[in-house]
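The structure appears right after this line, and notes come after that.
To find a chain, count down the sequence lines: A is the first, B the second, and so on, and within it residues start at 1. As the structure is a prediction and not an experimental result, all values here were calculated from the model.
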Number of protein chains: 2
Amino acid sequence: MSRVIRVLVADDHAVVRAGIVALLAAEPDIEVVGEAVDGEQAVDLALALLPDLVVMDVRMPRLTGDAATARIRERSDAVRVLVLTTYESDASILSAIEAGASGYLLKAAPAEELIAGVRSVAAGEVALSPAIAAQLVSRMREPAPTALTTRETEVLRLVAEGLSNRAIGERLFVGEATVKTHLVRAFEKLGVNDRTRAVTLAMERGLI
Amino acid sequence: MSRVIRVLVADDHAVVRAGIVALLAAEPDIEVVGEAVDGEQAVDLALALLPDLVVMDVRMPRLTGDAATARIRERSDAVRVLVLTTYESDASILSAIEAGASGYLLKAAPAEELIAGVRSVAAGEVALSPAIAAQLVSRMREPAPTALTTRETEVLRLVAEGLSNRAIGERLFVGEATVKTHLVRAFEKLGVNDRTRAVTLAMERGLI
DNA sequence: TCTCGGGTCAACCGATCGGTGGACCTCCGG
DNA sequence: CCGGAGGTCCACCGATCGGTTGACCCGAGA
């Protein structure tokens, strides 16, 4: 009954697109029906071609993989999404899954893992790289309220640009005291006690 | 006279390797004679296969693209190296060229650019992505002494970990005053005036 | 030989940061 | 209807940072 798996590949790097296509096209039961070079095109093509699944890069111009995933899933839950990322520390893992992705693999994964992932997701299962699965589990274990609020993230982003608390307040049209409050809260959540480490940690986790 | 161009592909990501191979193999005058998954293997295979050129990723396990390039060029200057990178802000651009690379392209480059780059390098020319060429030129223009000293880099790295000046001094067995001196110099070189921005900028440029 | 760059250290001062404790408002969901 | 979360704000204090000036040592290269 299950015929060929129709796949849409979305990645802004020509080299990576070619790689995914080459690996998948070598499989008799997989057919690449389209390629998108950014998030918006991924959404458009996904809705036009209605593939069985979209292999989607996280970081793309115009629309991130997360956002594109959410839009696709909103409009057509028959199209599944398999997200590819370069970094396992990426904070987008959670948001991608929340957005409705059915799988999350590392680009460093061997070819067999990618192909197996495509088949799994097409079959309605979930596909996760071992490293990513481990990370999810550990996040469950620790309370890890690594979720910064909108304001905390904004403030931290400006801290990363080297602005002083007062300057940040002016930029956001709030008092310096407010900025300090947000920072203290962010410090607590990140488990640090100075702005610089807060920024580097947030960067590592892809929070800013 | 010029026969087929023999290429060795070195990248730790299976997907990227497959992509490069797929793009190059489609060209009649290019032949991929081998693939390496890390820097050491790249060196070994380059010396064993003596390809016309190596397409080398910058970030690889066991041995970086820079180091691998240097080793290959040391032992055989007939083998040219074309370096591929994801980020144009990578500080390794200069070090790769110093190491003897004949080209430096972005992974985001279109397929034609990669293929043209391979032909250029094989012909003994230099291949640079426009964005990278522009960056090189601008670095020439501005005095841009973006070169931090060993000590300044060490200090900045510890700042990124959230250590105070005094703590850094203890870690490096020097006085707090010394740490401040190094930081002030680093600030000047980076054109910033606070530690956090210094760290984020240094990270962007791949200095730490 | 002398200069220069890198590394080390000191003292001082104003500005900023981090910590604490409290306060008020609004929106959302139980 | 009330509680909690997110956002805003205030005041006070000690610690730290950033800026400045000046100094010494050493090794490499002119």
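Rounded to whole angstrom, the span from the CZ atom of A/R166 across to the C1' atom of C/dA15 amounts to 8 Å. Put simply, CG on B/L158 is 13 Å from P on D/dC17, counting in whole angstrom units. The separation between A/I168 atom CD1 and D/dC9 atom P is 14 Å, rounded to whole Å. Across the protein-nucleic acid pair, A/K189 atom NZ and D/dA5 atom P stand 10 Å apart, rounded to whole Å. Rounded to an integer number of Å, the gap from NZ of A/K180 to C1' of D/dC9 is 12 Å. Separating the CD atom of B/E188 from the C1' atom of D/dG19 is a distance of 10 Å, rounded to the nearest angstrom. Here the C1' atom of nucleotide D/dC17 and the CG atom of B/N193 are 12 Å apart, to the nearest Å. Whole-Å rounding puts the A/L190 CG to C/dG18 P distance at 13 Å.
Ion pairing between a basic and an acidic side chain is recognised when a charged N comes within 4.0 Å of a carboxylate O; A/K107 and A/D11 show such pairing. Electrostatic pairing of B/R185 and B/E152 does not count as a salt bridge here, judged by no charged N lying under 4.0 Å from a carboxylate O.
Counting only heavy atoms from C-beta on, B/A177 has its side chain closest to C/dA10 among C/dG7, D/dG6, C/dA10. Side chain of A/L183, nearest nucleotide from C/dG18, D/dT8, C/dG7: C/dG18. For B/S164, whose side chain is taken as the heavy atoms from C-beta onward, the closest listed nucleotide among D/dC9, D/dT16, D/dG18 is D/dT16. If you check D/dC17, C/dG19, C/dC9 against the side chain of B/E176, the one that comes closest is D/dC17. If you check C/dG7, D/dC9, D/dG7 against the side chain of A/T181, the one that comes closest is D/dC9. If you check C/dG18, D/dC17, D/dG7 against the side chain of A/T149, the one that comes closest is D/dG7.
Around CZ of B/R71, the count of heavy atoms belonging to other residues, nucleotides or ligands within 6.0 Å does not exceed 12.
Looking at which nucleotide of DNA chain C each of A/R195 and B/T150 is closest to, the 5′-most match is held by B/T150.
A close approach under 4.0 Å does not occur between any side-chain nitrogen or oxygen of A/N165 and OP1 or OP2 of C/dT16. Between D/dG6 and A/R185, no contact under 4.0 Å exists linking OP1 or OP2 to a side-chain N or O. Contact annotation: A/R151 reaches the phosphate of D/dT8 (side-chain N/O to OP1 or OP2, under 4.0 Å).
Between A/H182 and the choices A/V179, A/V184, A/T178, the side-chain contact (heavy atoms from CB on, under 4.5 Å) rule is met once, by A/T178.
For the atom pair A/R80 CZ and A/I5 CD1, the distance stands at 11.5 Å (nearest 0.5 Å).
Among the protein residues, B/T178 comes within range of the nucleic acid bases, having at least one heavy atom under 4.0 Å from a base atom.
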